[in-house]
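In this text the structure is predicted, and so the values were computed from the model without any measurement.
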Amino acid sequence: MALSSPHVINLGCRLNLAEGETIRTLLADRDTIVVNSCAVTNEAVKQTRQAIRRARRERPDAELVVTGCAAQIDPAAFAAMPEVDRVIGNAEKLRAEAWEAYAPPVLVQDIMAVRETAPHLAASFSTHARAFVEVQNGCDHRCTFCAIPFGRGNSRSVPAGAVVDRVAQLVDAGHAEVVLTGVDLTSYGPDLPGAPTLGQLVERILRHVSGLRRLRLSSLDGIEVDDRLFALLTQEPRVMPHVHLSFQAGDDMVLKRMKRRHSRAQSLALVERLKAARPGIAIGADLIAGFPTETEAMFANTLALIDDCDIVHAHIFPYSPRAGTPAARMPQTEPEVVKARATRLRTAAERRRTEWLQSLVGSTQQVLVERPGDRGHAPNFAEVRFAPPPPPCALSLSKGGFSSLDAGERDNAPSTSAGPRVGDVVKVRIDKVQDGKLIGTTA
């Protein structure tokens, strides 16, 4: 399929998706392809290269620009690719001048010197029912496996007033749901005057944007979920009952070697509290398989975490040694073992997710419509596909009771509804589970 002009290919996290929309507005009608890269694993970098080559084949005459974390960390490698015309860094990609014709072919500054974030915010997510707002960027923690701080820099926050204004604009543009994103979202605020917390930011959004129907948070570091944020996650109906936690592992020794700041017991305790306060809340988590020095017993603790914490939205990553990180210098787990453990985690996660989806059959879900008339996500982030109910005239009374109209009568029957539109929130009665999705009928 031919690419449109301009075209932004977003790889990796929700933050990239939010920034990709900003890039799209900066490009206007230029004949440009942008690959907004990811560097979370070696596989992500490989996929970035594949996306570049595929994009060049599909549109050989377009300008091709690479940006994002992989480009920030290793700009020379991408500049050397014959398919690439320009490389732009993570800070520069949100500035209009970086996209001008006079800008140098490689424009990547020292990300650690950046002190501000989100200098430009897109006016609308025209192609998405759900809108993403960047409120934080960078990370001050140095987990031993992670190269992302080298791609994103140190933690920095967007002033609360700018975030509120942005959310209000999106609601005015018709978006029913907004997702707050960041590299380390729960570290929001210490760099701002008064050191506001993420919980305080959420409170301010809800107070000042009364028209916002649904607010969702991207990945959270559980150790930083304070009482204020916990209360919002469990008591505020406009905050969606879906929490994605950055667990990474379920074994204390592995967590220590990862330089994580929580223990297994703390993960269990947080989920137990969340479930007790809001029983329907859906738990998601990031988990890494095959971390260096991980024994079978250590892995078993991570595997058990899926059931122990009722993880129904699992993101499984086979460990990938990233150059320059401390974990890359540790004794490595054999690649075939890493792959096998990742498969076992995915199998367990899929089983748990299927059981959860089955438990929702018979319920009624409020679904945000994301495709014209037939699919979207429930508040708990379960994907739902649905059909409108048959019009009342689709049934006729016969001597033996109700019988279906024949094909000709159905064709001539008047329509009672044009169907739900993208961005609507509709009630859907869940009838079954199919291919990992809930299937239902609008109520």
Side-chain angles (χ1 to χ4, degrees), residues 11-13 37-50 69-70 73-74 77 139 141-152 183-184 219-223 244-268 270-271 283-353:
L11 300 164
C13 64
S37 66
C38 177
V40 68
T41 63
N42 289 331
E43 180 62 24
V45 177
K46 178 182 176 182
Q47 290 173 357
T48 294
R49 293 181 176 277
Q50 291 171 339
C69 289
I73 291 171
D74 194 359
C139 185
H141 310 301
R142 295 297 182 263
C143 297
T144 60
F145 57 84
C146 187
I148 295 305
F150 305 113
R152 289 289 182 175
V183 173
D184 183 23
S219 184
L220 305 177
D221 190 341
I223 201 67
H244 194 89
L245 299 166
S246 182
F247 283 156
Q248 310 303 348
D251 180 83
D252 284 339
M253 181 56 71
V254 172
L255 289 167
K256 183 176 181 179
R257 289 171 179 167
M258 286 179 166
K259 205 175 177 182
R260 300 294 294 168
R261 295 173 298 148
H262 66 274
S263 66
R264 188 180 206 281
Q266 288 172 317
S267 297
L268 295 173
L270 175 59
V271 171
I283 306 299
D286 298 323
L287 296 172
I288 295 175
F291 186 78
T293 76
E294 181 186 76
T295 65
E296 181 62 27
M298 294 172 183
F299 170 72
N301 284 330
T302 296
L303 185 64
L305 200 68
I306 290 173
D307 285 334
D308 293 345
C309 288
D310 192 19
I311 297 170
V312 298
H313 296 293
H315 291 176
I316 308 300
F317 300 90
Y319 170 74
S320 179
R322 304 296 286 124
T325 61
R329 300 190 295 271
M330 296 179 185
Q332 301 294 299
T333 305
E334 292 296 325
E336 60 271 20
V337 174
V338 174
K339 182 177 179 180
R341 288 176 180 172
T343 298
R344 290 166 63 188
L345 279 175
R346 291 190 181 105
T347 300
E350 184 59 30
R351 172 188 53 77
R352 191 72 185 190
R353 177 177 174 80

(message) Would the distance check show the side chain of S263 and the main-chain N or O of D252 forming a donor-acceptor pair, the cut-off being under 3.5 Å?
(response) no
(request) Grab the two heavy atoms, one from R142 and one from K259, that are nearest each other, plus how far apart they are. (result) O-CD, 3.5 Å
(request) Could you tell me whether the side chain of L245 reaches within less than 4.5 Å of the side chain of V271, counting heavy atoms only? (result) yes
(message) Using only atom types and a distance under 3.5 Å, with no angle test, would you say the side chain of R152 pairs donor to acceptor with the backbone of C139?
(response) no
(request) Verify side-chain hydrogen bond (donor to acceptor under 3.5 Å, both in side chains) between H262 and D221, making sure each step is shown before the conclusion. (result) CA-CA 9 Å; H262 66 274; D221 190 341; 4.6 Å; no
(request) Please round to the nearest 0.5 Å and tell me the distance separating atom NE2 of H244 and atom OG of S219. (result) 5.0 Å
(request) In plain terms, say whether K256 and D251 are close enough for a salt bridge, that is, a side-chain N and a carboxylate O under 4.0 Å apart. (result) no
(request) Mark yes or no for whether T144, through its side chain, and R257, through its backbone, hold a donor-acceptor pair below 3.5 Å. (result) yes
(request) State plainly whether the residues E296 and R344 are in salt-bridge range, i.e. N to O under 4.0 Å. (result) yes
(message) As an exercise, state the distance from CD1 of I223 to NE2 of H141, rounded to the nearest 0.5 Å.
(response) 10.5 Å
(message) Using every non-hydrogen atom in the two residues, find where D286 and F317 come nearest and quote the distance to one decimal.
(response) OD1-CE1, 3.9 Å
(message) Quick check against the 3.5 Å criterion: does R260 have a side-chain atom that pairs as donor or acceptor with the backbone of S246?
(response) yes
(request) Please report the shortest heavy-atom distance between A289 and L345, naming the atom on each side. (result) CB-CD1, 3.7 Å
(message) Donor-acceptor check, side chain of R353 to backbone of V312, threshold 3.5 angstrom: yes or no?
(response) yes
(message) Contact between D308 and R264 at the side-chain level, heavy atoms closer than 4.5 Å - yes or no?
(response) yes
(message) When you measure from the side chain of E336 to the backbone of E334, do you find a donor-acceptor pair of N or O atoms at a distance under 3.5 Å?
(response) no
(request) Please report the C-alpha distance between F247 and C309 in whole Å, then the side-chain angles of each, then the deciding distance to 0.1 Å, and finally whether the side-chain contact (heavy atoms from CB on, under 4.5 Å) criterion is met. (result) CA-CA 10 Å; F247 283 156; C309 288; 4.1 Å; yes
(request) Would you give the length of the straight line joining atom CD of Q332 to atom OG1 of T293, rounded to the nearest 0.5 angstrom? (result) 9.5 Å
(request) Run the numbers on T333 and F291 for side-chain contact (heavy atoms from CB on, under 4.5 Å), then give the verdict. (result) CA-CA 7 Å; T333 305; F291 186 78; 6.0 Å; no
(request) Quick one: do R322 and V45 satisfy side-chain contact (heavy atoms from CB on, under 4.5 Å)? Show the steps, please. (result) CA-CA 10 Å; R322 304 296 286 124; V45 177; 3.7 Å; yes
(request) Working to the nearest 0.5 Å, report the span between OG1 of T41 and CD of Q47. (result) 7.0 Å
(message) I'd like to know if the side chain of N42 and the backbone of P321 have a donor-acceptor N/O pair within less than 3.5 Å.
(response) yes
(message) To the nearest 0.5 Å, what is the distance between CD1 on I288 and OG on S320?
(response) 10.0 Å
(message) Measuring from atom CD1 of I73 to atom CD1 of I148, what distance do you get when rounded to the nearest 0.5 angstrom?
(response) 5.5 Å
(message) So which atom in P331 and which in P292 form the shortest heavy-atom distance, rounded to 0.1 Å?
(response) O-CB, 3.1 Å
(message) So which atom in G250 and which in T302 form the shortest heavy-atom distance, rounded to 0.1 Å?
(response) N-OG1, 2.8 Å
(request) Under the side-chain contact (heavy atoms from CB on, under 4.5 Å) rule, what do L287 and H315 come out as? Steps first, then yes or no, please. (result) CA-CA 6 Å; L287 296 172; H315 291 176; over 6 Å; no
(message) Just by distance, no angles: are the side chains of T48 and Q50 close enough, under 3.5 Å, to form a donor-acceptor pair?
(response) no
(message) If we ignore hydrogens and angles and just use 3.5 Å, is the side chain of R341 paired with the main-chain N or O of E294 as donor and acceptor?
(response) yes
(request) Compare all side-chain heavy atoms of R351 with those of D307 and state whether any distance is below 4.5 angstrom. (result) yes
(request) Can you see which heavy atom on V254 is nearest to which on A249, and at what distance? (result) CG1-CB, 3.7 Å
